[in-house]
Amino acid sequence: MDIIRENKYMWKVEKFKNMKVPVYVLTDSQTIRSQEYHEAIMQLVNVATLPGIVKGSFGMPDIHWGYGFPIGGVAAFDADSGIISPGGVGFDINCGVRIMTTSLEFSEIKDYIDEILTRVYNEIPVGVGSRTNFKLSVKEMKKILNNGVYWAINNNYGLAEDLYNIEDSGKIKYADADFVSDEAIKRGADELGTLGSGNHFIEIQIVEKVFEKENAERYGLFEGQIVYMIHSGSRGLGHQVATDYIKIFRDNLKDWNKKIPDKQLINAPFKSKYGQEYFSAMNAAANFAFVNRQIMGHKIRNIFKDLFDVESKLLYDITHNIAKLEKHNVDGEEKDLIVHRKGATRAFPDQIVLIPGSMGSSSYILLGTEKSMSIAFGSSAHGAGRVLGRRQAKRRLNYKNVLNSMKEKKIKIISKSKNTIVEEAPEVYKDVDSVVDIIEKIGISRKIAKLTPVGVVKG
DNA sequence: ATGTGC
């Protein structure tokens, strides 16, 4: 397999064998040859063989191996002749990031970080299997799955204005709860407003640096400001939807999937019965995830209101695990496409892009660009990308050292699991600053603000 | 990511 240089930050694998389009990887010359890239690029090659794929099989700078499709991959399929695949979305449907801003400066809250973290930890269930102590009825769950954040606003979990600041207003219209299994609904019924574990987090952060003053001001951002970020998804409900439809496709679309180069790329024609049913269920799970982050954001907003008498503003909430029906210009022709972004963020012109770091490392607020539309269907990266697997992390790092380095950086942390701390330590990820620098140099997003954590809640 | 592994 030859990887050729297309330009300074774009690499190409020409079509060979059954590939319908080339592979394009957006990154610099240092990372392109690394081991974790090699596996991911092989997966992008496999994706390039799938029916109806348009233009290219794209890798963002943070790509690494995932189920079927790599994490950090973007692939768009013709809505009429193409496919939809659960592996191209990921198990955590609508895993995403929410950022909320306050009018506070760090100096005003620096003595209260522990108190904020303790209250967040006490009021929001975190960790593996985190549950609320109430169970929603099936009827209520279906309302949530169909109406997304509109349900939350109607039930006093937030302000009406929040709807303007969520991707798709927190409600994807193609959702249909009738295609979500009883089992998935059951799993979700006591998981609404819970963080989960792994790379999910709640952080209190400082705006460390503003890059574009005018744009920062437009969004009410200033250096020294306190903001908070939530990184979470659709919990067990989304996981169950993915599991259910992978099985449904296996049971019912055996012939259709005969030629896929990897079993994990199992898919359905988008316009088919099974394709549409997965699309409806996936969007229902996406709405659940929007509400999940809405409820956590609302609770933290109330904690800040109670402690400091300030109102927080939802700046933006974005997903980085989803397949979306979008119109894009391909070779001068407007086409309806089903754009799979798995560990990739939509980055339309002038739209907020959020890139979360991990524990000790920084997070970023960026803006999408016109140029991103002409590269990978208006997409950008979603994080730093792992360099160490969970097992490797446990072998090379230990809990005390990770905590000490957090302490040296003056970052407070509350966590449910020692394992998670080691598995999600900053050292386990690529340097987020360099990933962000690359996406800015490529031109798919522009930096608006860099955020540094002062307090972290982990599962 | 996940009531963490078929």
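Lettering follows sequence order; numbering is per chain, from 1. Since the model is a prediction, treat every value here as computed from it, not as a measurement.
- Distance CD (Glu423(A)) to C1' (dT4(B)): 10 Å, rounded to an integer number of Å.
- Within the 4.5 Å cutoff, the side chain of Leu237(A) has heavy atoms near those of the Met141(A) side chain.
- Atom pair Glu191(A):CD and dT2(B):C1' shows a separation of 9 Å (rounding to whole Å applied).
- Across the protein-nucleic acid pair, Arg235(A) atom CZ and dT4(B) atom C1' stand 12 Å apart, rounded to whole Å.
- Using cut-offs of 30° and 60° for the angle between ring planes, the His382(A) and His320(A) rings count as perpendicular.
- Separating the CD1 atom of Ile93(A) from the C1' atom of dT2(B) is a distance of 12 Å, rounded to the nearest angstrom.
- Taking atom CD on Gln240(A) and atom C1' on dT2(B), their separation rounds to 10 Å, with Å as the unit.
- At whole-Å resolution of the value, CG in Asp190(A) and P in dT2(B) are 14 Å apart.
- As judged by a 4.0 angstrom heavy-atom cut-off over every strand, Gly233(A) is placed among residues making no nucleic acid contact.
- Of the side-chain N and O atoms in Thr243(A), none sit less than 4.0 angstrom from OP1 or OP2 of dT2(B).
- Following rounding to the nearest Å, Lys247(A) (NZ) and dT2(B) (C1') show an atom-to-atom distance of 19 Å.
- Using cut-offs of 30° and 60° on the angle between ring planes, the pair Phe304(A) and Tyr228(A) is parallel.
- Regarding His239(A), its NE2 atom lies at a distance of 8 Å from the P atom of dG5(B), rounded to whole Å.
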Could you go through Tyr316(A) and Tyr219(A), starting from their C-alpha distance and side-chain angles, then the distance that decides it, and tell me whether this counts as ring pair (Phe, Tyr, Trp, His ring centres under 6.0 Å)?
CA-CA 10 Å; Tyr316(A) 208 60; Tyr219(A) 293 106; 8.6 Å; no
